[in-house]
Every structure is written in structure tokens, then in C-alpha cells.
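As C-alpha cells, the structure follows; a few thoughts come after it.
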Amino acid sequence: MHDAIVRPMVKKLWLMKSEPDVYGIDELAAKKRGTWEGVRNYQARNYLREMAEGDLFLFHHSNAKPSGVVGIGSIVRTAYTDPFQFDPKSEYYDPKSPKDAPRWSAVDVGFVEKFRETISLETMKADPELEGMIILARGTRLSVTPVEPTHFERILRLAKGKTRLSRSG
DNA sequence: GCCAACGTTGGC
DNA sequence: GCCAACGTTGGC
């Protein structure tokens, strides 16, 4: 497509949190593709709506041992109406969401990579190069956040370091 | 399981 | 439209 050639490819980078008991990297790795539904926070939703096909995200496990970044995913379908908001049986049901102007969005995600080891919050907090990451700010509960390219690359570097270590040792 | 931090709700 | 009460998130 002419557009694709002319338009510069600008990938945005994100971090998305999930509890592994609810939806984890292993499930995405097994199925290769999944739906990121159930976001019920307006700011997080707005970030979902900014996502483009091909964007990459750090897959973060929360309420885990340890919590931290466990791998990489990609956006394979941009934001669409999260069907669970209209399902009374779903825990994500939102009776106040207007049918003609749905409140909540979902995106579809693809598996890219699972790290051999979790890059734990402890590791991330101790790393000066990761200073300023939203996830590391005190009291941040936002489940979808943008990530600076330098931070994203640093995480990848840490992950590769761990890979090398675990292979040689 | 505790609890700090934060978002949302609803009374006024 | 303020703000106290309540619910939720999520690290620890």
C-alpha cells in the first residue's frame, strides 16, 4: 500500500498490567493472541484508544511473586467496544454504560516474547536508568501507561542480561 | 492480610 | 460542585 511506504512507522510503547491469575503471559504465549478487556478506568481506557496496530507493550504481572515485567506483547487490533460492559453476568458489567456511546474499550494483543526471568519491581526501582517510569511512581495504580523508548530498551536489555546469565550459569 | 493511595459515588 | 464515605488496586 502506498500509504504504508510513505508514512513513517512510529510505534508507541506501553506497559499493561494484569494479574497472572486472571490473565498472564503464559496464556498469551499459549494462544498467541488475546483480548485485553475489563479496563474500567478512564485514563487507562484513553491510552487503549491511542494504541495503534504494531505498538509494543511490556507485559506486567501484578499481585505476583514477584510482580514485574514478564515479557513483550504487541497490539494486533486497535480499540473496539468491550462487549463485557453489556454482559450482566460479567464481572466487568457496567450497567451505566450507554449502548449508543459505550464507555469501555478493549484491544487485541499478540504474543511477542516471554522473558526467562521476571524483571521485578525491586530491580526496576533500583535502576537509575528507569527513573521516571510511571509504573514506579508511588501509588500508581494505572493499568495501562505509556513507556519512554529509553525505558523500554532498558527493560529489554535487563531481560537479555538475565537470559545470558541463566544460559551460562 | 494489611493498608496507603487513589477513583468513584452520592448526599447535601 | 464539594467532599466524606466507600470500594478497589496492588505492593509489601
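Residue numbers start from 1 in every chain, and the chains themselves are labelled A, B, ... in the order their sequence lines are given, proteins ahead of strands.
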Next item on the list: Summarise protein proximity over nucleotides 3-12 of chain B in one line of letters, 5' to 3': B for base, S for sugar-phosphate only, - for none, counting protein heavy atoms closer than 4.0 Å.
Entry: --BBSS-S--
Note to self: Categorize A:H60 for me: base, sugar-phosphate, or nothing, with a 4.0 angstrom heavy-atom threshold over every strand shown.
What the structure shows: sugar-phosphate
Checklist line | By side-chain hydrogen bond (donor to acceptor under 3.5 Å, both in side chains) - contacts of A:D127 (at least two apart) | finding: A:R154
Item checked: Non-neighbouring partners of A:W36 that pass side-chain hydrogen bond (donor to acceptor under 3.5 Å, both in side chains), sequence neighbours left out -> none
Notebook entry, point to check: Does the side chain of A:E19 pick up a donor-acceptor pair with the side chain of A:S62 at under 3.5 Å?
Noted result: no
Item checked: A:Y42 ring center near A:W104 ring center (under 6.0 Å) -> yes
Check: Going by the angle between their ring planes, with limits at 30° and 60°, are A:H61 and A:F59 parallel, tilted or perpendicular?
Finding: perpendicular
